[in-house]
Protein chains: 2
Amino acid sequence: MPHTSIERPQDAARQMLAEHRSRQLLDAAARLMEREGSEAVSMQALAAEAGVSVGLIYRYFGSKDDVLLAVIVQVLEAFATQVPRAIEAAGEDPVRRLSAAFAAYCTVIDEHRHAAVLTYRESKSLDPAGRDRIKRLEVETSQPLRDAVRSGVESGLLRTADPDLVAYNLLLLAHAWALKHWYFEKTMTLEAYISAQLALALSAIVAPTSRRRYADLLSPS
Amino acid sequence: MPHTSIERPQDAARQMLAEHRSRQLLDAAARLMEREGSEAVSMQALAAEAGVSVGLIYRYFGSKDDVLLAVIVQVLEAFATQVPRAIEAAGEDPVRRLSAAFAAYCTVIDEHRHAAVLTYRESKSLDPAGRDRIKRLEVETSQPLRDAVRSGVESGLLRTADPDLVAYNLLLLAHAWALKHWYFEKTMTLEAYISAQLALALSAIVAPTSRRRYADLLSPS
DNA sequence: GGACAAAGAATGAATCTACGTTCATTGTCA
DNA sequence: TGACAATGAACGTAGATTCATTCTTTGTCC
């Protein structure tokens, strides 16, 4: 049926433009938040930062909510791609995989520090539907962490009463790097934060018999 | 010098009224946040909820910032009184004291769930001075937790490379009960949350030789 | 190839709305 | 009657949204 699915080249071009604009605007939002804080993102400021007119934003986003939602979703998508990749690269050992996953979480957070905080603003902006979407995505993107803990437990290397709680705590600690950056930055770099938190978390759950094997993770230099 | 400190009964009455109004308004703010979320607190809504006029608020608070600041300070003051009391009541054992402190933190958070979240809104509302004050207070009120961990370490019952990090993490986990209530409430009560988190945190730091002694804390029923 | 439409992209001043704040007025004791 | 408490309509402003207009690209016909 060639008629029902005509591939018009204009459409492709249009979609390309739409994607370009979208990226352009989200990048501008990120820069703005980085420089002036996340509450400084007004539509006029965003337009100025992106070098476009206010009206144009509304061609590509339905509302300010939509823009903020997209910023948050972008972060969550970064989790969805970066974390599995890091796990993959960490080899077979479940504990190493878990460690890599946590490190990846923290790194993504660090790269989107201000955007990450957006999630915690129970703003009027985000309508219930959008908020639910974010919550769902957040739970979904924490799945790798959960899986890693579970498989560590199954293999007998880890030992814990509540794997899901362990996983969620790690997620929280990654977020905390953004939320409490003013506190942690006084005494730690990102790398130090990652290894300190990891050492602490692992020492709660590494099985006694495997402690020697992970000595490097359990007592960071 | 009777002249420099005349005790006029009117002044006492006035101060009493001021305190009453202040409490009335902060209570209304709490109710409003509870019912409609913390972003629904406009001056007009607050006035309506408290059953007073908008103008009156400005007789007792300089600005909206002041009101929000007062709400937050109220929570921090609840920490400052409740936590030491709980520690006191827990006896001599450093680990029991630490546990009691954490439980108290969580309980206070639970009682002021929506107000607690306010701290995380890097709102334009709170000016830098107010924000600094909050940060300072927050660090101050976490001192008992730090002290408890430290004395646990000193007595040899606990073992950790970074007591301050342990203490701050516990504070974070208490906050998390408010921040991520939508997640935790699906599977836990406050009591379950407290003992699960405590079990996890303690199993990372209780010295091997003391594990049996705290078996009840380490594996909650 | 050049003139001429549409269609779509982009603009930005004007509009609309939601508050925070003020203050002229009214109420209430002592 | 004066001092203080309280009111709430009116004001000011920031910022989200709209839309009439202009610019640009694409397609069409001679």
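Just so we're clear, the structure is a prediction, and the values are computed from it rather than from any experiment.
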Quick note, side chain to side chain donor-acceptor pair (under 3.5 Å) partners involving residues 72-88 of chain A, not counting sequence neighbours, are none
Roughly how many Å is it from CD1 in Ile57(A) to P in dG15(D), rounded to a whole number?
-> 14 Å
For the residue pair Ser53(B) and Ala47(B), what are the closest heavy atoms and their distance?
-> C-CB, 3.8 Å
For Ser63(B) and Tyr58(B), the nearest pair of non-hydrogen atoms, with its separation, is CA-CE2, 4.0 Å
In terms of side-chain heavy atoms of Ser42(B), which of dA16(D), dA6(D), dC19(C) is nearest?
-> dC19(C)
Quick one, which residues of residues 46-53 of chain B touch DNA chain D with a heavy atom under 4.0 Å?
-> Val52(B), Ser53(B)
Letter per nucleotide, 5' to 3', of nucleotides 21-30 of chain C [B base touched, S only sugar-phosphate touched, - untouched; heavy atoms, 4.0 Å] = BB--------
Roughly, in whole Å, what's the span from CD in Glu39(A) to C1' in dG15(D)?
-> 14 Å
Distance, rounded to the nearest Å, where Asp66(A) contributes CG and dA16(D) contributes P | 14 Å
Summary of salt bridge (Lys or Arg N to Asp or Glu O under 4.0 Å) pairs that have at least one residue in residues 49-64 of chain A, sequence neighbours excluded = Arg31(A)-Glu49(A), Arg35(A)-Glu49(A)
Only counting residues at least two apart or in another chain, list the ones meeting ring pair (Phe, Tyr, Trp, His ring centres under 6.0 Å) with Phe102(A).
-> none
Measure the CD1-CG distance between Ile134(A) and Leu118(A) for me, rounded to the nearest 0.5 Å.
-> 8.5 Å
Phe61(A) near the nucleic acid: base, sugar-phosphate alone, or nothing, with a heavy-atom cut-off under 4.0 Å?
-> nothing
To the nearest angstrom, how far is Glu19(B) atom CD from dA5(D) atom C1'?
-> 17 Å
Between Ser22(A) and Ala18(A), is there a donor-acceptor pair closer than 3.5 Å when you use the side chain of the first and the backbone of the second?
-> no
Measure from CZ on Arg59(A) to P on dT18(D) and round the result to the nearest Å.
-> 14 Å
Classify the angle between the aromatic ring planes of His175(A) and Phe79(A) as parallel (below 30°), tilted (30 to 60°) or perpendicular (above 60°).
-> parallel
Which atom pairs, donor and acceptor, lie under 3.5 Å between side-chain atoms of residues 139-146 of chain B and protein residues at least two apart or in another chain?
{"from": "Thr141(B)", "atom 1": "OG1", "to": "Leu137(B)", "atom 2": "O", "distance (Å)": "3.1"}
{"from": "Thr141(B)", "atom 1": "OG1", "to": "Glu138(B)", "atom 2": "O", "distance (Å)": "3.0"}
{"from": "Ser142(B)", "atom 1": "OG", "to": "Val139(B)", "atom 2": "O", "distance (Å)": "2.7"}
{"from": "Ser142(B)", "atom 1": "OG", "to": "Arg146(B)", "atom 2": "NH1", "distance (Å)": "3.3"}
{"from": "Ser142(B)", "atom 1": "OG", "to": "Arg146(B)", "atom 2": "NH2", "distance (Å)": "3.1"}
{"from": "Gln143(B)", "atom 1": "OE1", "to": "Arg146(B)", "atom 2": "NE", "distance (Å)": "3.4"}
{"from": "Gln143(B)", "atom 1": "OE1", "to": "Arg146(B)", "atom 2": "NH2", "distance (Å)": "3.2"}
{"from": "Gln143(B)", "atom 1": "NE2", "to": "Asp147(B)", "atom 2": "OD1", "distance (Å)": "2.9"}
{"from": "Arg146(B)", "atom 1": "NH2", "to": "Val139(B)", "atom 2": "O", "distance (Å)": "2.9"}

Could you check how far CD of Gln24(B) sits from P of dA5(D), rounded to whole Å?
-> 14 Å
